[in-house]
Asks: 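My questions all concern the structure below.
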There are 2 protein chains.
Amino acid sequence: MDSSLVKLRSRLEVYKAMTDGGNIADCPVRDVIQGLNGKSSSLLTAALAEQPYRFGELRRLVPDISQRMLTQTLYDLQRDGYVHREVFPTKPPSVEYSLTELGRSMFDALQHLLQWAENNHDAVREARAGFDAAGLNPGG
Amino acid sequence: MDSSLVKLRSRLEVYKAMTDGGNIADCPVRDVIQGLNGKSSSLLTAALAEQPYRFGELRRLVPDISQRMLTQTLYDLQRDGYVHREVFPTKPPSVEYSLTELGRSMFDALQHLLQWAENNHDAVREARAGFDAAGLNPGG
DNA sequence: AGTGCTGGTCTCTTTTTGAGACTATCACCC
DNA sequence: GGGTGATAGTCTCAAAAAGAGACCAGCACT
């Protein structure tokens with residue numbers, strides 16, 4: 001674990017140098033992670049890691065996403081190479097979305113964070129509650 | 001790896017049930033990950049995982065973030081329990097931000113994704129380039 | 001001919017983000 | 001004793017992103 005911290009230091013300097021240079025696209029974190037930052041990107045990737053899904057299925061699976069955002073998020077995931085989109089000439093035509101190899105590889109890394117979120121959801125909620133309560137009564 | 005896929009299926013169903021029920025806050029992915037989705041949250045967490053930093057230092061470390069967003073992102077990270085904020089009554093007063101235990105734990109999970117981003121930055125860029133090129137010339 | 005399914009797009013409104021001017025306090029310098 | 005610089009922010013205005021939901025087009029079924 002300490003060794004990863006050592007690696008981290010140099011990595012951070014790389015990030016800094018790159019953003020410092022002006023070209024943000026050269027910073028992997030900004031460039032890659034930002035593409036995953038959509039409000040439902042993680043969830044959709046998780047769904048597609050399970051199995052391929054069609055547009056309408058994804059919509060039902062993640063009901064609080066608007067069609068517009070679902071379209072756009074899938075488009076972005078496809079553009080970044082995580083998702084494959086295939087149109088079947090049925091009547092009416094159906095569209096199937098699936099994870100590419102790159103997408104599956106990315107999801108393997110993302111999964112750690114999803115797992116953490118699940119394990120620590122309560123801790124985060126408690127932190128929020130405590131913070132808000134303290135904020136309302138700052139007069140110590 | 002396959003066993004994690006099995007776990008995933010049931011997990012996804014939990015997500016679905018929870019968003020389906022209407023209360024999005026009960027879905028760990030939406031609730032936790034969304035708090036990390038800020039454009040620079042990952043980068044700031046990475047910086048603070050290295051060592052504590054002061055406000056101005058963070059601003060210089062991540063130059064393309066506005067003061068306003070830096071303030072707000074740090075506030076959000078603090079509220080979710082990842083970051084500790086300490087004011088020192090120097091003249092002028094200085095404020096130091098550091099990772100809490102929870103934040104460090106979260107970063108351990110996040111780090112996989114950061115590492116992946118670094119390793120696969122080129123692949124993502126190529127995917128984008130290929131997608132855009134194909135999009136301009138769709139007539140097959 | 002009307003209804004439903006498919007996978008979207010278009011418009012309008014609200015929310016989020018970005019850029020950057022402005023605040024307040026105190027040490028230092030002249 | 002007044003201007004300058006450092007600290008860590010806040011405030012306002014403009015632009016970008018996201019959400020809600022109406023609308024579109026093609027075809028099967030009735």
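The shown structure was predicted, so the numbers you read here are calculated from the model rather than taken from an experiment. Throughout, protein chains are lettered first and strands after them, A, B, ... in sequence-line order, and every chain is numbered starting at 1. What you see below is based on every heavy atom in this structure, not just the backbone, and it leaves out hydrogens, waters and symmetry mates.
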Asks: When you measure from the side chain of B/T100 to the backbone of B/H84, do you find a donor-acceptor pair of N or O atoms at a distance under 3.5 Å?
Replies: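 No, the answer is negative, given that no donor and acceptor are paired below the 3.5 Å cut-off.
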
Asks: Which side-chain N or O atoms in residues 65-77 of chain A pair as donor and acceptor under 3.5 Å with protein atoms at least two apart or in another chain?
Replies:
unit_1 : atom_1 : unit_2 : atom_2 : d
A/S66  : OG     : A/M69  : N      : 3.2
A/T71  : OG1    : A/Q67  : O      : 2.9
A/T73  : OG1    : A/M69  : O      : 2.7

Asks: Verify, without hydrogens or angle tests, whether A/S41 (side chain) and A/N37 (backbone) share a donor-acceptor contact under 3.5 angstrom.
Replies: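 Such a contact is absent between A/S41 side chain and A/N37 backbone.
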
Asks: Identify, with sequence neighbours excluded, every residue that meets side-chain hydrogen bond (donor to acceptor under 3.5 Å, both in side chains) alongside A/S40.
Replies: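 Only B/R30 meet the side-chain hydrogen bond (donor to acceptor under 3.5 Å, both in side chains) criterion with A/S40.
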
Asks: Please report the distance, rounded to the nearest Å, between CZ in B/R60 and C1' in D/dG9.
Replies: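 In whole Å, D/dG9 C1' lies 14 Å from B/R60 CZ.
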
Asks: Can you tell me the distance, in whole Å, between the CG atom of B/L70 and the C1' atom of D/dT10?
Replies: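 About 13 Å, once rounded to whole Å.
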
Asks: Show the nearest heavy-atom pair for residues B/A46 and B/F107, with the distance to one decimal.
Replies: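 The pair with the smallest heavy-atom distance is CA-CE1, 3.5 Å.
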
Asks: Got a sec, which residues hit side-chain contact (heavy atoms from CB on, under 4.5 Å) with A/E57, two or more places apart in sequence or on another chain?
Replies: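 side-chain contact (heavy atoms from CB on, under 4.5 Å) check on A/E57 returns A/Y53, A/R54, A/R60.
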
Asks: Transitively linked via ILVMFWY side-chain contacts under 4.5 Å: A/L58 with A/F88?
Replies: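 A/L58 does not cluster with A/F88.
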
Asks: Name all residues meeting the side-chain hydrogen bond (donor to acceptor under 3.5 Å, both in side chains) criterion together with B/S105; count only those two or more places apart in sequence or in a different chain, and write none if there are none.
Replies: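 Partners of B/S105 by the side-chain hydrogen bond (donor to acceptor under 3.5 Å, both in side chains) criterion, ordered by chain and then number, come out as A/W116.
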
Asks: Going by heavy atoms closer than 4.0 Å, what residues in residues 75-88 of chain B are next to DNA chain D?
Replies: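 The answer is B/R85.
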
Asks: Please, which pairs that meet salt bridge (charged side-chain N to carboxylate O under 4.0 Å, His left out) have at least one residue in residues 80-96 of chain B, sequence neighbours excluded?
Replies: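 Qualifying pairs, neighbours excluded: A/R128-B/D80.
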
Asks: Reading nucleotides 24-30 of chain D 5' to 3', which nucleotides get B (base under 4.0 Å from a protein heavy atom), which S (sugar-phosphate only), which -?
Replies: --BS---

Asks: Tabulate protein N/O versus nucleotide N/O from nucleotides 17-21 of chain D, keeping only pairs under 3.5 Å, one per line.
Replies:
unit_1 : atom_1 : unit_2 : atom_2 : d
D/dA18 : N7     : A/R68  : NH2    : 3.3
D/dG19 : OP1    : A/K39  : NZ     : 3.2

Asks: Do B/L110 and B/L36 have side chains that approach each other closer than 4.5 Å (heavy atoms only, starting at C-beta)?
Replies: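 The answer is no; the side chains never approach within 4.5 Å.
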
Asks: Using chain A heavy atoms and a threshold of under 4.0 Å, write down where along DNA chain C the contacts begin and end, 5' to 3'.
Replies: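 Boundary nucleotides touching chain A, in 5' to 3' order, are C/dC5 to C/dT11.
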
